[in-house]
Undergrad: 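Sharing a structure, written as structure tokens. Questions coming.
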Amino acid sequence: MPTLTQKLVITAPDDWHIHLRDNEALATTVPHAAMSFHRVICMPNLVPPIKTTLEAIAYRERILTALAQADIDEHKKATFDPRMVLYLTDHTSADEIASAKASGVVQAVKLYPAGATTNSADGVTNILGRGAVFEAMQKHGIPLLVHGEVTHSDVDIFDREKRFLDEILSVIIKNFPNLKIVMEHITTADAADFCLAQGQHIGATITPQHLLFNRNHLLVGGVKPHFYCLPILKRATHQKRLLEVATSGNPKFFLGTDSAPHATHTKENACGCAGCYSAPHALALYATAFESVDALDKLENFASRFGALFYGLPVNQNTITLIKKEQLIPDNYPYLDGKHLTPLMAGQTLAWSVQ
Ligand code: NCD
Ligand code: ZN
């Protein structure tokens, strides 16, 4: 018999995977992120990408400038803490990892296989050839965040994550047994079970869209471009397994929205961009997913504790209150110069709101 929770007071959450983009985009994305989260791990797939510690420091400054200019509560400004990530390329050196560590600003390094997703053209072409960098990261305790998909054109898009586990990730883990790794935005039962089979230094983030939706939502009754993200939504059995592990209370699995802003016209397009925008209402989306399996009591650890634990950071002191009060997700937000940004579940009503 489902419990009827009406109010949930939880430790303030962090987002361990978000895309804020740069320059004018920050005027929209930074206030949305700061309203929802304390710490956010800012993905480095800008054009050009954030490849060095100096670039990461400068990017963080631009984010903080946008925060200062944002029309939001001063308390939200004070608690927002963007953490930076370097984009691994074929040319990243072990020395760069040492300066990243010394800076105290860089939290992790992101591996995008070249061509895997939005703005990944500068990604790594020979992943297993990056041993010296992985060695340095292992030594300095810098986690490797992986976009886990192979990119060969002959591999079916629905099989790309599984093939990455078998052919690439298992080899990295074997060769660098103490390297902390986050399997970002996992989408399959295979990835969930692979993660479970590893030591505690291998974790995974899970997005709201992969908990709430499957490929039928994307494709049945017409193509729905706002459900298109990478890795692509999989079949319902995978969605079910992700919900199971997210709500299992296992600290390996934690919140990473992968909220990624793409102007509406670039998604509603003959060659639409990949990415779902969820930052403003992410907590209500996760609450909806957890409630669907009667596991709201597991939300706090997933959203607000396990990520910090994995990164070896303190848990936030503040709390937020989720209440059972309907909220209508806007059709869009103003974005860039006269453009729009359509959020995930635009125009639909969610049962939960953050007070
Ligand atoms: C992300 C983006 O738009 O930057 N898109 C996506 O579909 N998830 C990139 C990524 O995380 O793969
Ligand atoms: Zn992402």
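This is a predicted model, so every value here is computed, not measured. For ligands, and for the atoms within them, numbers begin at 1 and follow the listed sequence.
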Undergrad: Enter the distance from K162:NZ to K234:NZ here, rounded to the nearest 0.5 Å.
TA: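 Output value for this atom pair is 13.0 Å.
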Undergrad: Among F37, F253, F302, which residue satisfies the ring-ring contact (aromatic ring centres under 6.0 Å, His included) criterion with Y286?
TA: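 Exactly one option meets the ring-ring contact (aromatic ring centres under 6.0 Å, His included) with Y286, and it is F302.
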Undergrad: Below the 3.5 angstrom mark, is there an N/O of Y112, backbone or side chain, next to an N/O of ligand 1?
TA: no
Undergrad: Distance alone, cut at 3.5 Å: any donor-acceptor contact between the side chains of H217 and Q209?
TA: no
Undergrad: For ligand 1, indicate whether the residue M43 contacts it via side chain, backbone, both or neither (heavy-atom separation under 4.0 Å).
TA: neither
Undergrad: Could I get the full list of ring pair (Phe, Tyr, Trp, His ring centres under 6.0 Å) partners for H147, not counting sequence neighbours?
TA: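 Partners of H147 under the ring pair (Phe, Tyr, Trp, His ring centres under 6.0 Å) test: H185.
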Undergrad: Contact between ligand 1 and K110 is defined here as a heavy atom of the residue under 4.0 Å from a ligand atom; is it met?
TA: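 Per 4.0 Å heavy-atom rule, K110 does not contact ligand 1.
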Undergrad: Between A260 and ligand 1, find which residue part has any heavy-atom pair under 4.0 Å and reply side chain, backbone, both or neither.
TA: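 It is the side chain that touches ligand 1; the backbone stays farther off.
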Undergrad: For ligand 1, which part of E149 has a heavy atom less than 4.0 Å away: the side chain, the backbone, both, or neither?
TA: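 For E149, there is no contact with ligand 1 at all, from either part.
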Undergrad: I want to check something: taking the side chain as every heavy atom from C-beta on, are K252 and Q200 in contact at a cut-off of under 4.5 Å?
TA: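 Side chain of K252 against side chain of Q200, heavy atoms only: contact under 4.5 Å found.
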Undergrad: If you measure from each non-hydrogen atom of N45 to ligand 1, which part falls under 4.0 Å: side chain, backbone, both or neither?
TA: side chain
Undergrad: Out of T117, I18, T118, whose heavy atom is nearest to atom 12 (O) of ligand 1?
TA: T117
Undergrad: Below a 4.0 angstrom heavy-atom separation, can you tell me which part of E184, side chain or backbone, both or neither, approaches ligand 1?
TA: neither
Undergrad: Tell me, which protein residue and heavy-atom name are nearest atom 8 (N) of ligand 1, and how many Å apart are they?
TA: D258 OD2, 2.7 Å
Undergrad: Between the side chains of E291 and W352, is a donor N or O closer than 3.5 angstrom to an acceptor N or O?
TA: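 A donor-acceptor contact under 3.5 Å links the two side chains.
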Undergrad: So which protein N/O/S atoms does the Zn ion (ligand 2) have within less than 2.8 Å?
TA: H17 NE2, H19 NE2, D258 OD1
Undergrad: Atoms of ligand 1 less than 4.0 Å from C229 heavy atoms?
TA: 7 (O)
